Every structure is written in structure tokens, then in C-alpha cells.
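For reference, the structure discussed in these notes is given below.
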Amino acid sequence: MECHCNDHLPGDWHSHEDCDCHKSPNTTYSFVVTKVIDDFPGTGAVFISKTFMENLELSDGDAVEILGPQGCIVQAKSHPNSWIDTRMVSFDRDTMDRTGFQMFSQVRLRKAVCVDAESVTLQAPVGIDLTKQQIRSMLDKVDGVVLAGSEFITLETNRGETIRFRIFKTEPNEICKVSPGTRIGLVDENGQEYVSSKETYFNDVGGLHEAVSKVREVVQLPLKHPEIFYRLGIDPPRGVLLYGPSGTGKTLIARAVAAETGCWFKSVVGSEIMAKHYGESEAKLRAAFEDAYKHAPAIIFIDEIDVLAPRRDTSEGEVERRVTAQLLALMDGLEDRGEVMVLAATNLPNNLDPALRRPGRFDREIIIGVPDVAGRREIIEIHTRNMPLGPVNLDDFAERIHGFVGADIKSLCQEAAYEALRRFLPGLEDTEQQLSEDFLEELMVESCDFESALKNMRPSSGRRFEVNLSGAGWDYIAGFSREVEFLKETILWPLRNGAFLEKLGVNRPSGLLLTGPSGVGKTLMARSIAKESGFNVIEIRGPELLSKYMGESERNIRELFRQTRELAPTVLIVDSVDSFATSGWSDSKVIDRIVNQLVLEMNSIKCEKPILVVATAVRADDVAPALRATGRFSRELQLHLPANNDRELIFQMYLSRDRISYSDDYSVLARESENLSCGDIEEICRMTILNAAKVEMEEKDCALEKLRLTENEALRAIDQWKLMRSL
């Protein structure tokens, strides 16, 4: 019996029993295969004319079933040639090989039902190194590709290269297609989880354990296990703001979140959104959120958000106000954002519009601070784990690089590697021959390479308050044994055991005032406390905070303490605090306002990490009583001129060095230097060394290997010093 349906080519006769058109609700049409399209990546596609795309009720990317013994389901695409005959179709090379069709073969097609894949696990070929986000962008190019009937999928990189992946597993385990919400998994040739050297994971983030723990709790947990929040009847966090000094690892944490969660990730830079045409900036921002909605669960990372959404009350440009309003509407509009997390980073949180920093938008604010000694040690270990190291004391370098953030430490390790390269083979860039394996095996990074690299490095955080602690520490303090013991017991021990004291309900010290005559060693003592504590250090002199403009001095103090809290744990050294905190009346009341601002900052210095403010002054009476109250500079230590025994120790420290020897009695020098300060004795020792070195070099006319000092030379320097002071 002849079939009378209208979906066959002219002259094609077959019986009703051979036709299954009546068995499917979708219309079946017959076509002739013509032309093979070789440059199409993916698992399979059929290219149909626009007319029959409408007849088959297909949209670009829908699933199409190929009927026949070698039938399969492929992706429908509009034919690239508009002049193609409506009854002609083209296949890609993979589909031709799989189905066994030849040119001008007859093929029957109809629309197929295909579910979206929840997850796809691909097996990475040997020798490639791609991140999940790179593969995600490659899959976006073949959005809608059907994962059925083929073991492989061919993807194209941004550079136009094609890579063939094996389809390891799909969920559900049936005919499905790639959708924007499909999660991507990668395994290696052994079926183990694939780890790319370009990918950043949480174990690559050092020195930020507390911040990483909070990020995982508020970002990773809602995206991986949203059912927990549904069970508790609460909404998961939708926005997280990371703030802190530049280079501490805010962007690095965002990249680690993207790698750990495996979600669709889009990075938005504030400066890239801004455009000169009216409404273009808002359109770019809306497009970024719309992409995230399609690919949910997804993460939008906005770097330098202070550029994108500054305060509307102080912003001068109309574009910035409109973009800020658009971002507020997108983050808290009438429509539910679904499983879209907004992650933002800035080093200027106070420049953000306050409306963004409320629950419902940025629910959590996490500070990414400067690492302490243990954190710096961990970061150094991360950046040197693939480096051939010699006998390098990483603990010593971690203690010496105060104020270094993660970016500084990475740069330090890279520069040390370059120093090793210059040491092993100078002029390597001009060498054309292939380097041997033996040479590469001998290439080691030694401690001297780190020393050379450290000479040219400066910490990016606190660069304005840079301080050199190379000549500070208990080893550089002679005498003052009682004072040093007092500082160890009453200052350093409570700071290091603050967590234990908090359980007992005891606050750790927050302020220390060092007083004494000029040159007695107040600044050295303050720097030694900072170095022995292992905290980050900020040092500033009192007059540097003063300004002739109204309110500038108070703003300088606020900025100083803001940066102190960001660098916590921190020791803040305010040298010569009596220069602007002098008690008494002033015509303009400037001093009173500065003191009040300093009092307010000291009262609000509470922080999760310890902060100690060490101030120096000549006399305690010159400091305002409000600053010496309990909870501020309540602990005071007065340094006196060194006693006779202390002066002996100071002379011994300066006159007994590796290449300097003094064999006479120090007690004579101590008696002759009565009533002199530590600074005076240091200058006398310097004069003694210079005078003796000059005489020796004039007599021998050559460089000295070792300098021997006598008592007469030291006494002569003391007499010169007294003579200069009496003039």
C-alpha cells in the first residue's frame, strides 16, 4: 500500500508500512546530502535551509533526529549558503563518518526531544593545559551541541585551534545537550580529577586562611549545596565584597572560587564597563548579568568596583551615577537573581556607594589583609615549591619582609630566580646553543640570590610608611635589661597570647608611651618591639601629620589608623607625639582637634587582630592627659640616661665587631662618658673608628683587613665630642 504523506522527494515510492511518519508527532522530511562542512567543531550537526528550519519547527541549535539504521541525534544549524536548494542538507565530517552517508544520499530528518545536560565530564587529551573557564568558553561556542552517539567532542580555542575531548560521563546518562547551566568536569587519562597548572585553587592562596574560610562559607557553600539554605528557610548570600590593600590576593581568591566551584564565571572590570555613549555602560552591565542568568549557577566577579559604583553624593559625572543606579537595580531588583553570586573587590571600600553595602546586595564584607610572619612563610613556600632551592632559611626571610603582601613575595621569589640565572650564566640571552640537562640540574637558587633580590624590593602596602628594621631588635640594645624584660612581659606576651586572654575577659595592650631625653634610644626601643613582635610595622613622625589646611590633620590621622587596621596585626610607631599632642590652649584650637581625633581613633582601635600603638615623647607631661587615660597610652615606660654598667655594654657593642677589635678596659670609657646618652656614645664610637681608620690607611697606604682600636683613640674621641658640645 502506497504512503500518501507529503514529506518525500519526488519519485520516492514506499509503502505505508515502511513509513513511520504517523508514529511521531513531529513532521518527517526527506533530504539529499550535499557538501561536507569540515570546519565545524562539535560532536555533530546538520545544516538545513532556512525554509525547512521553519517547516521542522526548529531553531538554531535544536536537536534533530536522523532516521535510518545508522541514525543518531545531532544539532540543527542554519545552512551557511543561502542559495542552497531547500531539499538539500549538509553534514559535518564527524556525522558523515558516523552515519556512513555518501554524497547525494537520501536522509530523513525530524525534530527530536533532548534534555539539557546537568553536568558533562570530559577527558582531557595528553599534553594540553587548559583551565575549566577556558573549556567553558569553548563549550559556549557550541552551545546546544548534542551529546549522544559519539564518544568525542571537538572544541575550538580562542586562537582557532581544535582539540578533541573524550566524553567521559554525562548527567543524566541519556541523550542530552550542552546548555548554559551545564557544569563542566575534567578528568585525566587515568580517570582522576584533572588539575591544570594554570588553575588557581584554595591551596594556592597562602597566609589568608581566615579570609578563605569565610569566602568558602558564603560563596562556595550556597553554590554547591543550596538545599541547606532551603531547609533552614533562609536566603543564601548573594553578594560578597572583598576589600583590602592592593596585592593581598583579592582577585586570586576570586579565581580560586571559580576553579573550586566549577561554576560559570565572568570577570567584569569596572573601567571596561564605562563608555562614552549614553546608555552604553548600563547596557554592558545588564548584558553581563543576563549572561549569568542563562548560565546559572554562576559567579560575576567585579574587579575595582569603586570605579564602577562610586558614591553618588560626591561623584561629579552623570555616567557614574547612572551606572551605580543600574548596579543597585540589578543586585536588588524586582526579579530574583536565582543562583547568581556577585563577588566584588576593591582597595577603597569607603569610596563605594553606601547603598551597595547593605544586606541584600553585598551581604558580607571580608577583609583581605596583609599577612603576618606565618602567612608570609606560607606564601614563600607556595611560590618556591617548584623552585630548586639551596640551603635557604625561609623562616628568616619571612621575618625580615615586614609589610610584604602576596604580590610582593611573588615578585621577590621571581627576582631571586633571575639573580640565580645571572650568577650561573651571565649573558644567557645572547646564548644560542641548547642548554644541557646537566646545566639545568646544577641551577639552584641560593640564599645570596634572595639577599640580592631583597635589596631592590619595597613593600607595596605601607610604602608611604616604610621603615627599616635591619638595625633593630633586642640584640641591638645594650643595657636597659630591666626595661627590655618589662616590655617582654607586659607588652609582647599579651600580644602573642591575645586569644587566650580574651577567653579570660582581659584585653590585650593597645598603647605604649616611651619617654626620655633625646638620644636615649626611644625610637630604637619602639622599632625593636615591632621587630620582636613579628607584626607589620608603620612608622610616622608626629609633624608629618600636621597640615595648615582646615581638617587635613584630622584626615591624615584617620587615614593612618585606617591603614593600620588593614595591615593588622600591626605595630604603629608615632615618633615625637608631643609635637602635636601638647596640652594647653592654642589660638585656632588646631591642637585640640588633633588630640580629639587621636583619642577617637585610639578608642575605636578594636580589631580582630592585635594592634599596638607605640608613641615617643621627651616628657610625659607634654602629652595631653586625654591620651594618657586608660585604654589609650595607659602603659608608660621612662628611659633614663644609661648607667655606668650600661655605658660599658654600649661601648662594647659598637667597638667589638667582626673587623674591629678593642682590647683595653671599657670601664675607663664608661667613666669618661658620664651623663652622655646612647646616641652620644654611638657617635663617639663612630668618630673613634673613623679617626683610627684614617691613620692606618695613611700609614699603610692600603685597604685594612682588620682595625685595632686603643683606649687613647677612644678617649681622644670623647674629648672631641665634649669640645664640640661646649662650643
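Computed from a prediction, not measured in an experiment: that's the story for all the values here.
- Remark: the D303 side chain and the S267 side chain contain no N/O donor-acceptor pair separated by less than 3.5 Å.
- A distance of 8.5 Å separates CG of N556 from CD of E559, quoted to the nearest 0.5 Å.
- At least one side-chain heavy atom of I594 sits less than 4.5 Å from a side-chain heavy atom of S553.
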Let's go through R361 and L328 carefully: what are the C-alpha distance in whole Å and the side-chain angles of both, what is the deciding distance for side-chain contact (heavy atoms from CB on, under 4.5 Å) to 0.1 Å, and is it a yes or a no? CA-CA 8 Å; R361 286 166 182 156; L328 292 172; 3.6 Å; yes
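- Side-chain contact between R565 and I367 is absent, with no heavy-atom pair separated by less than 4.5 Å.
- Between E601 and I557, some side-chain heavy-atom pair lies under the 4.5 Å cut-off.
- Heavy atoms from other residues, nucleotides or ligands lying under 6.0 Å from NZ of K284 number more than 12.
- Between the side chain of T121 and the backbone N or O of F168, no donor-acceptor pair lies under 3.5 Å.
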Please lay out, stage by stage, how N603 and R632 fare under the test side chain to side chain donor-acceptor pair (under 3.5 Å). CA-CA 7 Å; N603 289 340; R632 294 153 198 166; 3.0 Å; yes
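- A salt bridge links E282 and R322; the closest N-O separation between the charged side-chain nitrogens and carboxylate oxygens is under 4.0 Å.
- Between the D363 side chain and the P359 main chain, no donor and acceptor come within less than 3.5 Å of each other.
- Here the CZ atom belonging to R311 is positioned 9.5 Å from the CG atom belonging to L352, to the nearest 0.5 angstrom.
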Verdict with supporting geometry, H383 and Q414, side chain to side chain donor-acceptor pair (under 3.5 Å): CA-CA 9 Å; H383 289 297; Q414 290 176 342; over 6 Å; no
List the steps, then state whether salt bridge (charged side-chain N to carboxylate O under 4.0 Å, His left out) holds for K214 with E217. CA-CA 5 Å; K214 292 180 180 179; E217 177 183 322; over 6 Å; no
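- In the displayed structure, R358 atom CZ is contacted under 6.0 Å by more than 12 heavy atoms of other residues, nucleotides or ligands.
- Side-chain N or O atoms of K169 include none that pairs as donor or acceptor with a backbone N or O of L122 at under 3.5 Å.
- Of the possible polar contacts, one joining the D408 side chain to the V405 backbone as a donor-acceptor pair under 3.5 Å is found.
- Here the side chains of I48 and H79 are not in contact, with every heavy-atom distance at 4.5 Å or above.
- Each of T346, N351, N350 was checked for a side-chain hydrogen bond (donor to acceptor under 3.5 Å, both in side chains) with D306, and the lone residue meeting it is T346.
- Taking the six-membered ring for Trp and thresholds of 30 and 60 degrees, F265 and F301 have nearly parallel ring planes, at less than 30 degrees apart.
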Test side-chain contact (heavy atoms from CB on, under 4.5 Å) on R555 and Q597 and set out the steps. CA-CA 9 Å; R555 192 180 73 169; Q597 184 65 48; over 6 Å; no
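- Side-chain atoms of R376 come within 3.5 Å of backbone atoms of I401 as a donor-acceptor pair (strictly under, hydrogens ignored).
- Residues V323 and L285 meet the side-chain proximity criterion, which asks for heavy atoms closer than 4.5 Å.
- Separating the CZ atom in R593 from the CD atom in E554 is a distance of 5.0 Å, to the nearest 0.5 Å.
- Side-chain contact between P245 and V370: present, with at least one pair of heavy atoms (C-beta onward) separated by less than 4.5 Å.
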Does the side-chain contact (heavy atoms from CB on, under 4.5 Å) test come out yes or no for F165 and Q123, once each step is laid out? CA-CA 6 Å; F165 294 87; Q123 188 179 81; over 6 Å; no
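- Once rounded to the nearest 0.5 Å, the distance linking CZ of R364 with CG of L343 reads 13.5 Å.
- Proximity of a side-chain donor or acceptor of T570 to a complementary backbone N or O of L572 within less than 3.5 Å is not detected.
- Residues Y243 and E365 form a side-chain contact, since some pair of their non-hydrogen atoms from C-beta on lies under 4.5 Å apart.
- With respect to L356, the side chain to side chain contact (heavy atoms under 4.5 Å, CB included) criterion is satisfied by exactly one of L327, L241, V342: L327.
- Of the inter-residue distances, the one linking I366 atom CD1 with E210 atom CD reads 10.0 Å to the nearest 0.5 angstrom.
- Rounded to the nearest 0.5 angstrom, L242 CG and L208 CG are separated by 10.5 Å.
- Proximity of a side-chain donor or acceptor of T248 to a complementary backbone N or O of G244 within less than 3.5 Å is not detected.
- Looking at heavy atoms from C-beta onward, F289 lies in side-chain contact with I300 at the 4.5 angstrom threshold.
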